[in-house]
Amino acid sequence: MSLKIRQLSYAMGAEIIGVDIRKPMDDQTFEEVHAAFLKYCVLLFRGQEFTRQQFIAFSESFGELEDEDKILRHAVNVKDKEDIKILTAKFPVPVSESWHSDKNNKLVPTMATLLRAIEVPDVGGDTMLSNQYLAYETLSEGMKKLIDKLDGIYPGSKGRLDESTPERLAETMRVNAPVAQPLARVHPETGRKSLFLGERVKKIVGMTEEESKPLLDFLMQHSSRPQFVYRHVWQKNDLLMWDDRCTNHMAVGDYDRTQVRHTERTCVVGTPSGFIYDGPLTVKYA
Ligand code: SIN
């Protein structure tokens with residue numbers, strides 16, 4: 001079968017037309033979808049109704065899924081929807097309004113995120129994605145040389161470190177160790193380098209916070225320049241899939257909060273990257 005591919009923006013993204021995601025993909029279809037995924041970094045499958053089980057099965061064709069029950073649910077503003085309320089209570093995941101890629105604070109960051117829209121507000125609630133290959137490739141040679149050797153420190157996934165005494169710091173570091181990730185990461189499949197940096201990074205290994213901040217501020221700002229960004233305006237029954245190894249994303253909370261924005265997400269397990277950071281910490285994570 002031959003797919004139809006419609007490019008979504010100059011920076012990245014493609015709509016895939018002609019794949020029924022309710023059915024297992026044959027080898028040729030999978031290869032074409034996978035090649036498009038590596039090339040365009042973001043894929044859109046539009047207007048198909050499918051069950052949660054079909055969603056999980058489609059996601060699993062790209063690899064093992066993260067999380068015990070294989071799926072993570074997002075539901076926002078669900079006051080009037082009893083059934084959705086139950087899911088939200090069970091999985092209270094807020095929509096994140098900062099640039100990041102999924103699990104970038106873990107030793108095995110996510111490979112791909114698949115997000116489907118079950119219900120969308122009349123207007124707003126878009127998802128923005130930015131191409132981190134382009135962000136890296138458009139840096140000067142001097143800046144590339146500098147950041148090629150640097151790692152950014154992410155706070156441990158349980159948030160704040162207790163720095164009130166050296167003993168408490170040691171204990172919270174033990175159970176909630178920060179992870180350092182390369183600022184420039186080589187994509188394990190394409191071999192291309194991309195900027196790999198989320199807004200939670202406040203410090204660079206081997207530098208003080210004061211030294212790190214201007215560089216990180218510059219890189220964060222550069223990484224989300226409009227020419228690297230695709231902004232997805234959701235329609236009901238959209239399935240968007242992105243490569244977390246070379247993109248950042250951010251949900252935009254600009255919609256009428258009396259309306260429902262209900263999405264479901266799966267994440268495909270990635271490959272190891274980074275290391276546990278156990279060096280000096282002068283930064284306080286908010
Ligand atoms: C996320 O940040 O993982 C979800 C993005 C969205 O809800 O648009």
Side-chain angles (χ1 to χ4, degrees), residues 3-17 19 32-46 62 95-104 109-117 120 123-141 143-144 147-148 152 181-201 216-235 238-254 263 265 267-268 270 273:
L3 309 176
K4 224 168 120 196
I5 295 180
R6 183 180 72 86
Q7 203 168 333
L8 292 172
S9 79
Y10 192 68
M12 65 176 162
E15 180 179 354
I16 302 294
I17 301 158
V19 173
E32 287 181 42
V33 170
H34 186 243
F37 174 66
L38 295 181
K39 177 172 177 187
Y40 294 102
C41 310
V42 178
L43 298 184
L44 169 66
F45 302 85
R46 178 148 268 178
F62 298 94
V95 169
S96 169
E97 276 195 85
S98 68
W99 286 107
H100 66 284
S101 60
D102 289 326
K103 316 283 177 342
N104 55 9
T110 300
M111 171 205 154
T113 301
L114 293 92
L115 192 69
R116 70 152 165 162
V120 295
V123 66
D126 302 343
T127 302
M128 301 212 293
L129 298 111
S130 65
N131 184 330
Q132 299 304 292
Y133 286 140
L134 293 180
Y136 178 81
E137 287 160 6
T138 51
L139 292 169
S140 67
E141 291 309 309
M143 182 59 85
K144 284 184 198 159
I147 68 163
D148 278 353
Q181 291 287 357
L183 292 182
R185 185 177 179 205
V186 178
H187 192 292
E189 290 188 83
T190 65
R192 277 173 84 183
K193 254 188 205 168
S194 67
L195 204 53
F196 194 65
L197 174 69
E199 283 185 46
R200 294 181 75 204
V201 175
L216 292 172
D217 285 350
F218 163 75
L219 291 172
M220 255 347 287
Q221 200 180 8
H222 173 77
S223 74
S224 55
R225 281 170 64 188
Q227 51 269 62
F228 308 149
V229 171
Y230 165 63
R231 180 168 180 144
H232 186 66
V233 181
W234 289 97
Q235 291 181 16
D238 276 354
L239 167 58
L240 199 68
M241 164 178 185
W242 60 81
D243 189 335
D244 284 279
R245 302 163 296 184
C246 56
T247 62
N248 267 349
H249 63 274
M250 176 169 85
V252 188
D254 61 339
T263 59
R265 182 179 85 165
C267 288
V268 182
S273 170

A.B. asks: According to side chain to side chain contact (heavy atoms under 4.5 Å, CB included), who are the partners of Ser273, at least two apart in sequence or on a separate chain?
C.D. replies: Pro109, Gln181, Pro182, Arg185
A.B. asks: Go through the side-chain N and O atoms of Thr138 and His222 and say whether any donor and acceptor fall under 3.5 Å apart.
C.D. replies: yes
A.B. asks: Which heavy atom of Asn248 sits nearest a heavy atom of Ser223, and at what distance?
C.D. replies: ND2-OG, 4.3 Å
A.B. asks: Flag the pair Glu199 / Met220 as yes when at least one side-chain heavy-atom distance between them is below 4.5 Å, and no otherwise.
C.D. replies: yes
A.B. asks: On a heavy-atom basis, which atom in Glu32 and which in Leu3 lie closest, and how many Å separate them?
C.D. replies: OE1-N, 3.2 Å
A.B. asks: Report yes if some heavy atom in the side chain of Phe228 is under 4.5 Å from a heavy atom in the side chain of Leu129; otherwise report no.
C.D. replies: no
A.B. asks: Show your working on side-chain contact (heavy atoms from CB on, under 4.5 Å) between Thr110 and Val268 and close with a plain yes or no.
C.D. replies: CA-CA 6 Å; Thr110 300; Val268 182; 5.6 Å; no
A.B. asks: Once you round to the nearest 0.5 Å, how far does CZ of Phe45 lie from CZ of Arg116?
C.D. replies: 14.0 Å
A.B. asks: If I take atom OG from residue Ser98 and atom CE from residue Met250, how far apart are they, to the nearest 0.5 angstrom?
C.D. replies: 8.0 Å
A.B. asks: Return yes if a side-chain donor-acceptor contact under 3.5 Å exists between Thr127 and Trp234, otherwise no.
C.D. replies: yes
A.B. asks: Could you tell me whether Lys103 and Asp244 make a salt bridge, using a distance below 4.0 angstrom between a side-chain N and a carboxylate O?
C.D. replies: no
A.B. asks: Could you check whether any side-chain heavy atom of Leu38 comes within less than 4.5 Å of a side-chain heavy atom of Arg245, counting everything from C-beta outward?
C.D. replies: yes
A.B. asks: Can you find a heavy atom in the side chain of Arg46 that is under 4.5 Å from one in the side chain of Gln235?
C.D. replies: yes
A.B. asks: Using only atom types and a distance under 3.5 Å, with no angle test, would you say the side chain of Ser101 pairs donor to acceptor with the backbone of Asn104?
C.D. replies: no
A.B. asks: Backbone N or O of Gly125 within a donor-acceptor pair of the Asp254 side chain at under 3.5 Å?
C.D. replies: yes
A.B. asks: Could you grab the distance from atom OG1 of Thr247 to atom NE2 of His100, nearest 0.5 Å is fine?
C.D. replies: 9.5 Å
A.B. asks: Can you find a heavy atom in the side chain of Leu114 that is under 4.5 Å from one in the side chain of Arg265?
C.D. replies: no
A.B. asks: With sequence neighbours left out, write down each residue that passes side chain to side chain contact (heavy atoms under 4.5 Å, CB included) with Ser194, or none if nothing qualifies.
C.D. replies: Gln132, Tyr133, Cys246
A.B. asks: Among residues at least two apart in sequence or on other chains, which ones pass side chain to side chain contact (heavy atoms under 4.5 Å, CB included) with Gln227?
C.D. replies: Arg225
A.B. asks: List the steps, then state whether side-chain contact (heavy atoms from CB on, under 4.5 Å) holds for Leu195 with Ile147.
C.D. replies: CA-CA 9 Å; Leu195 204 53; Ile147 68 163; 3.5 Å; yes
A.B. asks: Rounded at 0.5 Å granularity, tell me how far CG in Leu240 sits from CG in Leu44.
C.D. replies: 6.0 Å
A.B. asks: Can you see which heavy atom on Val229 is nearest to which on Ser224, and at what distance?
C.D. replies: CG2-O, 3.8 Å
A.B. asks: Who pairs with Arg6 by side chain to side chain contact (heavy atoms under 4.5 Å, CB included), at least two apart in sequence or on another chain?
C.D. replies: Leu8, Glu15, Ile17
A.B. asks: To the closest 0.5 Å, what do you measure between CG (Leu219) and OH (Tyr136)?
C.D. replies: 11.0 Å
A.B. asks: Got a sec, which pairs hit salt bridge (charged side-chain N to carboxylate O under 4.0 Å, His left out) with one end in residues 126-138, sequence neighbours left out?
C.D. replies: Asp126-Arg231, Glu137-Arg192
A.B. asks: Measure across Ala14 and Ile5 and return the closest heavy-atom pair with its distance rounded to 0.1 Å.
C.D. replies: CB-CG2, 3.7 Å
A.B. asks: Measuring only between side-chain heavy atoms, which start at C-beta, is Asp238 closer than 4.5 Å to Val120?
C.D. replies: no
A.B. asks: List for me each residue that meets ring-ring contact (aromatic ring centres under 6.0 Å, His included) alongside Tyr10, sequence neighbours excluded, and say none if there are none.
C.D. replies: none
A.B. asks: Which heavy atom in Ala184 sits nearest to a heavy atom in Lys193, and how many Å separate them?
C.D. replies: CB-CD, 4.2 Å
A.B. asks: Would you tell me whether Asp102 and Thr113 have side-chain atoms, one donor and one acceptor, within less than 3.5 Å of each other?
C.D. replies: yes
A.B. asks: Is the gap between the ring centers of His249 and Trp242 under 6.0 Å?
C.D. replies: yes
A.B. asks: Considering non-hydrogen atoms only, spot the tightest contact between Leu43 and Val33 and give its length.
C.D. replies: CD1-O, 3.6 Å
A.B. asks: Are Val42 and Asp243 packed together at the side-chain level, in the sense that at least one heavy-atom pair is separated by less than 4.5 angstrom?
C.D. replies: no
